[in-house]
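Below you'll find the structure, written out as structure tokens, and then a few comments.
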Amino acid sequence: MIIPSSHKVKEGELEGKVILVTGANRGFGLAMTMDLSKAGATVIMLGRDLGSLEYAYDAVVDKGFQEPTLYPLDIEGATPENYQSLQDDIFNQFEKLDGLIHNAAILGTMMPVDQHDIKLWYSTLQINLNGPFMLTQFLIPLLNKSDDARILFLSAEQGREAKAYWGAYGVSKFAVEGFAKTLSEELEKTNIRVNTLDPGVMRTEMRRAAYPAEDTTKNPSPESKSPAIVYLMLPVSSKYNGKQLALTD
Ligand SMILES: NC(=O)c1ccc[n+]([C@@H]2O[C@H](COP(=O)([O-])OP(=O)(O)OC[C@H]3O[C@@H](n4cnc5c(N)ncnc54)[C@H](OP(=O)(O)O)[C@@H]3O)[C@@H](O)[C@H]2O)c1
């Protein structure tokens with residue numbers, strides 16, 4: 001299902017909302033953090049590198065948007081105890097969570113399966129699938145305290161149609177699609193709506209790594225797509241549940 005990326009972000013339209021974004025320090029994660037903060041949401045910026053998180057925090061605050069909070073955590077090595085601490089910290093500070101956006105991911109390597117680096121296969125599935133599973137499990141109790149909550153998984157076309165050489169990345173996105181659908185059914189009678197989103201091509205590090213020979217200047221910027229994330233957090237988007245959403249380029 002195609003949704004518009006043309007939403008015009010209005011200041012205050014997400015006031016009072018608390019939304020956690022993974023991989024918020026750069027790329028699409030930073031672009032959506034900017035727009036969510038502009039719309040008045042308090043963004044919990046989760047990332048593995050404190051230095052670039054602080055840099056990104058300054059960029060949001062310098063614009064005069066809603067002040068975010070930082071949560072340094074490496075999804076690859078995070079344990080259930082780490083996620084319990086995150087749950088406790090969010091509860092103590094906000095008592096609820098309105099949005100959980102699983103944006104962080106790695107490309108891993110583009111290799112045929114018979115040559116795929118085994119360690120990198122495990123790392124890719126840990127960051128792109130197993131970490132998001134644990135994060136979701138520990139944050140559902142807080143999302144249940146919101147009167148209108150969202151869980152959004154960033155997916156990709158390689159998670160909807162299998163393509164040679166996309167290895168663990170493609171497999172992880174297929175798994176994310178299945179995980180999100182399962183969750184959307186389990187949570188159907190709650191206030192939590194669960195969807196996946198293929199944002200389409202964006203001019204980020206991941207795209208550059210996947211297509212090193214491409215002229216990236218022609219690709220849409222992540223900032224041109226991030227208003228759609230605000231739209232998906234608004235009450236009007238509670239009509240979407242268990243959907244495979246996509247943005248136009
Ligand atoms: N770009 C595209 O064309 C495109 C197309 C379809 C789908 N997507 C999806 O969109 C999402 C964002 O992609 P992007 O293009 O913005 O990618 P990106 O530029 O490579 O950024 C990835 C983000 O994930 C974070 N991350 C990676 N491993 C992590 C870990 N172990 N713990 C915590 N954070 C970690 C990175 O943090 P560091 O800075 O620390 O590495 C970075 O913030 C991904 O889910 C991707 O699959 C992108």
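Order of appearance sets the numbers: ligands from 1, and atoms from 1 within every ligand. As the structure is a computational prediction, the values presented were derived from the model and not from experiment.
Ranking the protein heavy atoms by distance from atom 40 (O) of ligand 1 puts R48 NE, 2.8 Å first. Of all protein heavy atoms, the one lying nearest to atom 17 (O) of ligand 1 is M206 CB, 3.5 Å. For atom 48 (C) of ligand 1, the nearest protein heavy atom (residue, atom name, distance) is M202 CE, 3.7 Å. The protein atom (non-hydrogen) at minimum distance from atom 21 (O) of ligand 1 is R26 NH1, 3.4 Å. For atom 16 (O) of ligand 1, the closest heavy atom belonging to the protein is F28 N, 2.9 Å. At the top of the distance list for atom 47 (O) of ligand 1, counting protein heavy atoms only, stands Y169 OH, 2.5 Å.
Counting atoms of ligand 1 from 1 in the listed order, those under 4.0 Å from a heavy atom of A104 are 24 (O), 25 (C), 26 (N), 34 (N), 35 (C). Every atom of ligand 1 with a heavy atom of N25 under 4.0 Å away is listed here by number and element: 37 (O), 38 (P), 39 (O), 40 (O), 42 (C), 43 (O). Per-residue contacts place I106 under 4.0 angstrom from the following atoms of ligand 1 (heavy atoms of the residue considered): 27 (C), 28 (N). Taking a cut-off of under 4.0 Å to the non-hydrogen atoms of P199, the atoms of ligand 1 that pass are 6 (C), 7 (C), 8 (N). Atoms of ligand 1 lying under 4.0 Å from at least one heavy atom of E205, given by number and element, are 19 (O).
The closest donor-acceptor contact from the side chain of D74 to the backbone of R48 lies at 3.5 Å or more, if one exists at all.
Of the options A78, G23, A105, the smallest heavy-atom separation from atom 22 (C) of ligand 1 is shown by A105. The option with the heavy atom closest to atom 5 (C) of ligand 1, from among G200, A156, P222, is G200.
Taken together through direct or relayed side-chain contacts under 4.5 Å among Ile, Leu, Val, Met, Phe, Trp and Tyr, V230 and F28 form part of one hydrophobic cluster.
With rounding to the nearest 0.5 angstrom, the OG atom of S172 is 10.5 Å from the CD atom of E177. Put simply, CD1 on I106 and CG on L120 are 5.5 Å apart, with the number rounded to the nearest 0.5 Å. Within the model, atoms CG of N103 and CE of M32 stand 4.0 Å from one another, a figure rounded to the nearest 0.5 Å. Rounding to the nearest 0.5 Å places OG of S123 at 4.0 Å from CD of E76. Taken from CG in L152 to CG in L100, the straight-line distance is 9.0 Å, to the nearest 0.5 Å.
Using a 4.0 Å cutoff on heavy atoms, S155 counts as a contact of ligand 1. Put simply, no part of S52 is less than 4.0 Å from ligand 1, judged by heavy atoms. At a 4.0 Å cut-off, not a single heavy atom of L46 sits close enough to ligand 1 to count as contact. For K173, the closest heavy-atom approach to ligand 1 falls below 4.0 Å. Residue contact annotation: N103 has a non-hydrogen atom under 4.0 Å from ligand 1.
Counting heavy atoms under 4.0 Å from ligand 1, residue L73 touches it through the backbone alone. Under 4.0 Å from ligand 1, heavy atoms of D74 appear from its side chain as well as its backbone. With a 4.0 Å heavy-atom cut-off, ligand 1 is reached by the backbone of V201 but not by any atom from C-beta on.
Contact check for V21 versus I229: no side-chain heavy atoms found under the 4.5 Å cut-off. Using a 4.5 Å cut-off on side-chain heavy atoms (C-beta onward), L73 and Y83 make contact. When side chains are defined from C-beta on, L183 does not count as touching F133, because their heavy atoms never get closer than 4.5 Å.
The shortest N/O to N/O separation between I127 and ligand 1 does not fall below 3.5 Å. Considering backbone and side-chain N/O of D198, none are found under 3.5 Å from N/O of ligand 1. Considering backbone and side-chain atoms together, T204 places an N or O closer than 3.5 Å to an N or O of ligand 1. Residue I75 has at least one nitrogen or oxygen atom sitting less than 3.5 Å from a nitrogen or oxygen atom of ligand 1, judged on distance alone. In terms of polar-atom proximity, defined here as any N/O pair under 3.5 Å, G47 makes no such contact with ligand 1.
Between E157 and K173 there is no salt bridge, since no side-chain nitrogen of the basic residue lies less than 4.0 Å from a carboxylate oxygen of the acidic one. A salt bridge between K218 and D215 is present, with a side-chain N of the basic residue lying under 4.0 Å from a carboxylate O of the acidic one. Ion pairing between a basic and an acidic side chain is recognised when a charged N comes within 4.0 Å of a carboxylate O; D147 and K145 show no such pairing. Salt bridge E214/R207: present, at least one basic N to carboxylate O contact under 4.0 Å.
The aromatic rings of W166 and Y211 are tilted relative to each other, their planes meeting at an angle between 30° and 60°.
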